[in-house]
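One structure is given here, and the rest of the page talks about it.
To find a chain, count down the sequence lines: A is the first, B the second, and so on, and within it residues start at 1. Fair warning: this is a prediction, and the values are worked out from it, not measured in the lab.
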Number of protein chains: 2
Amino acid sequence: MNKWCSSGGKKSYHHGNLRETLIECALDILKEGSLNDLSLRALARKVGVSQTAPYRHFEDKNDLIAVLKEEGLRKLGDSMRDLLITEKDPILRLQKLGLTYVEFAEKYPAHFKVMFEYELCDYEKYEALHEVSDNSFLCLQQTVNECLALPNARKIEPSIAQFGAWSMVHGLSVLLLNQSLLERMRAGNFSDLGDRNQIAEQVTKSFCDSLVNSIL
Amino acid sequence: MNKWCSSGGKKSYHHGNLRETLIECALDILKEGSLNDLSLRALARKVGVSQTAPYRHFEDKNDLIAVLKEEGLRKLGDSMRDLLITEKDPILRLQKLGLTYVEFAEKYPAHFKVMFEYELCDYEKYEALHEVSDNSFLCLQQTVNECLALPNARKIEPSIAQFGAWSMVHGLSVLLLNQSLLERMRAGNFSDLGDRNQIAEQVTKSFCDSLVNSIL
DNA sequence: CTAAGATATTGACACCGTAAACATTAAAAG
DNA sequence: CTTTTAATGTTTACGGTGTCAATATCTTAG
């Protein structure tokens with residue numbers, strides 16, 4: 001059968017690894033399809049299991065999506081937190097943080113879609129989500145603060161710079177993820193536009209530079 | 001019956017103004033609900049019309065949404081284009097353009113949701129959408145160029161500054177529209193955060209300032 | 001007044017989320 | 001090893017959804 005069916009190929013009553021398989025399969029659908037293409041029934045069908053089997057592993061559709069969101073937020077948060085250790089120069093780190101955000105959107109488009117294009121119904125219910133979400137923002141926040149503490153820093157309200165940094169990387173990711181938009185821009189008066197990574201690198205660098213006075 | 005039913009209150013076979021009523025009612029649903037709450041059937045029910053009546057006015061659900069998108073994009077584009085005439089100072093205009101974007105998200109949340117949270121299926125089909133969409137970007141583009149042509153401008157690749165400006169205002173709008181996120185930030189270590197407009201004003205100003213050298 | 005076109009309705013089909021009752025099997029208890 | 005029990009999966013069912021085809025009603029041009 002297909003690759004999502006139970007491990008041995010022989011059809012057993014118990015799948016054996018359904019929860020993980022459902023998650024992977026959901027991500028696989030999202031990778032190319034939109035959020036509308038993700039249905040529990042289609043998922044079950046693809047995995048070769050009955051329509052209600054997923055309910056043994058997820059309360060409801062929202063719950064599955066919350067799991068995907070959390071997984072994504074955790075990956076992103078971890079990548080960003082790593083930079084706190086590996087990159088000591090705040091300006092450079094800030095740029096790398098932004099690039100991480102953008103690269104994440106490119107590397108895990110399924111996660112990214114589910115993280116930001118899907119409004120969770122009862123958001124309050126998922127406290128874990130908030131914590132992981134805070135995690136990545138705190139990295140950005142701390143790094144911006146370090147940048148603003150540099151001797152040649154511009155005088156900017158920290159909370160504003162933090163909010164600005166977040167807005168920038170988030171907007172950048174969203175726009176860059178929109179393939180048809182990029183193509184359209186290249187077709188128009190934007191022929192000199194590089195690939196995604198080039199754009200991301202330059203835009204983030206430009207933002208980082210803007211926090212300090214380059215000419216003294 | 002309710003306010004969405006046909007004009008006179010008397011039930012006539014023909015509604016008389018169904019297309020517009022559907023649009024308004026859809027926006028009304030989106031104003032407080034999410035995109036999932038918008039269904040053609042619920043719409044028809046609310047308007048007091050049969051389930052398939054909307055199909056006389058819209059090819060399918062996608063088509064209705066495309067109309068809402070276009071309406072929103074046009075409103076936004078018009079507001080931005082106005083600024084090209086009324087505000088001559090490029091730096092000030094750039095900030096106002098950003099604010100317009102943010103204010104739009106606040107003033108027309110239904111339009112904004114549909115514009116940016118809903119991935120249209122066959123995007124290519126709706127050429128009109130692209131044109132109105134380009135319209136607002138061109139305003140931003142031109143204004144950024146004017147800013148960079150100022151004598152005290154920093155040396156930044158125009159296309160990068162344009163992309164950055166767009167990313168910034170877009171991300172800012174998205175984040176600001178997320179009410180629960182704002183509350184959470186205020187609850188955390190962000191107690192000094194002002195209201196949406198204050199944040200928007202400061203963040204956009206900060207970005208605009210970053211295009212020029214303040215100290216010479 | 002009548003024919004034609006626009007507009008709305010009914011009924012049908014295949015999906016979807018999800019709840020309840022039942023079946024199978026793996027794991028724990030004896 | 002057997003027996004109980006909890007975990008996992010299935011069947012059936014209900015109401016909601018997008019959308020199509022056939023039909024009915026109204027409006028308007030001739």
Side-chain angles (χ1 to χ4, degrees), chain A residues 1-2 4-26 29-30 33-68 114 118-122 125, chain B residues 1-2 4-26 29-30 33-68 114 118-122 125:
Chain A
M1 320 216 84
N2 75 45
W4 300 110
C5 291
S6 54
S7 37
K10 54 198 166 192
K11 44 192 153 189
S12 58
Y13 193 95
H14 280 22
H15 180 282
N17 195 23
L18 186 51
R19 194 189 140 95
E20 296 231 341
T21 308
L22 285 172
I23 292 180
E24 282 174 35
C25 188
I29 288 175
L30 285 174
S34 82
L35 281 174
N36 290 357
D37 302 329
L38 180 63
S39 80
L40 287 185
R41 286 172 107 111
L43 211 52
R45 222 177 298 130
K46 205 164 173 183
V47 169
V49 95
S50 85
Q51 312 168 354
T52 54
Y55 285 87
R56 292 292 132 198
H57 301 276
F58 304 98
E59 252 184 53
D60 50 22
K61 187 179 179 180
N62 222 19
D63 195 50
L64 164 63
I65 288 176
V67 169
L68 298 182
V114 102
Y118 191 94
E119 179 108 4
L120 223 45
C121 292
D122 39 2
K125 189 175 166 188
Chain B
M1 320 222 73
N2 75 45
W4 301 109
C5 290
S6 53
S7 38
K10 54 198 167 191
K11 43 193 154 189
S12 58
Y13 194 96
H14 279 25
H15 180 284
N17 194 23
L18 187 51
R19 194 188 141 96
E20 296 230 342
T21 307
L22 285 172
I23 292 180
E24 283 174 35
C25 188
I29 289 175
L30 286 174
S34 81
L35 280 173
N36 290 358
D37 302 329
L38 181 63
S39 82
L40 286 184
R41 286 173 106 112
L43 211 53
R45 221 176 298 131
K46 205 164 171 182
V47 169
V49 95
S50 85
Q51 313 169 352
T52 53
Y55 285 87
R56 290 293 130 199
H57 300 276
F58 305 97
E59 253 184 52
D60 51 22
K61 186 178 178 181
N62 222 20
D63 195 49
L64 164 62
I65 288 175
V67 168
L68 299 182
V114 102
Y118 192 97
E119 179 107 3
L120 224 44
C121 291
D122 39 2
K125 189 176 166 188

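Sequence order on DNA chain C of the closest nucleotides to A/Glu59 and A/Arg45 puts A/Arg45 first from the 5' end.
Checked against D/dG18, C/dT7, D/dG9, the side chain of A/Leu18 finds its nearest nucleotide in D/dG9. For B/Asp60, taking side-chain heavy atoms from C-beta onward, the closest of the listed nucleotides C/dT18, D/dT19, D/dG9 is D/dT19.
Within the 4.5 Å cutoff, the side chain of B/Ile29 has heavy atoms near those of the B/Lys46 side chain. For the pair A/His15 and A/Arg56, the minimum side-chain heavy-atom distance is 4.5 Å or more.
Residue B/Arg41 contributes atom CZ, which lies 13 Å from atom P of D/dG15 at whole-angstrom precision. Atom-to-atom, CD1 of A/Ile65 to P of C/dC16 comes out at 14 Å; the value is rounded to the nearest Å. The NE2-C1' distance, from A/His57 to D/dT10, rounds to 13 Å in whole Å. The distance from atom CG of A/Leu35 to atom P of C/dC16 is 15 Å, rounded to the nearest whole Å. Atom pair B/Lys61:NZ and D/dT17:P shows a separation of 9 Å (rounding to whole Å applied). At whole-Å resolution of the value, CG in A/Leu40 and P in C/dG17 are 5 Å apart. Remark: P of D/dG18 and CD of B/Gln51 are 10 Å apart, rounded to the nearest angstrom. Between the C1' atom of C/dC16 and the OH atom of A/Tyr55 lies a distance of 9 Å, rounded to the nearest Å.
Residue contacts for B/Thr52: at a heavy-atom cut-off of 4.0 Å it reaches a base atom on one of the strands shown. Heavy atoms of A/Gly16 sit under 4.0 angstrom from primed sugar atoms or phosphate atoms, though from no base atom.
The CG atom of B/Leu43 lies 12.0 Å from the CG atom of B/Asp37; values are rounded to the nearest 0.5 Å. Atom CG of residue A/Asp63 and atom NZ of residue A/Lys125 lie 6.0 Å apart, to the nearest 0.5 angstrom. Separation of atoms CG (B/Leu40) and CZ (B/Phe58) is listed at 9.0 Å; rounding is to 0.5 Å.
Listed pair A/Ser39 / C/dC16 meets the phosphate criterion, a side-chain N or O lying under 4.0 Å from OP1 or OP2.
In the interface, the side chain of A/Arg19 is not paired with the base of D/dT8 through any donor and acceptor atom under 3.5 Å apart.
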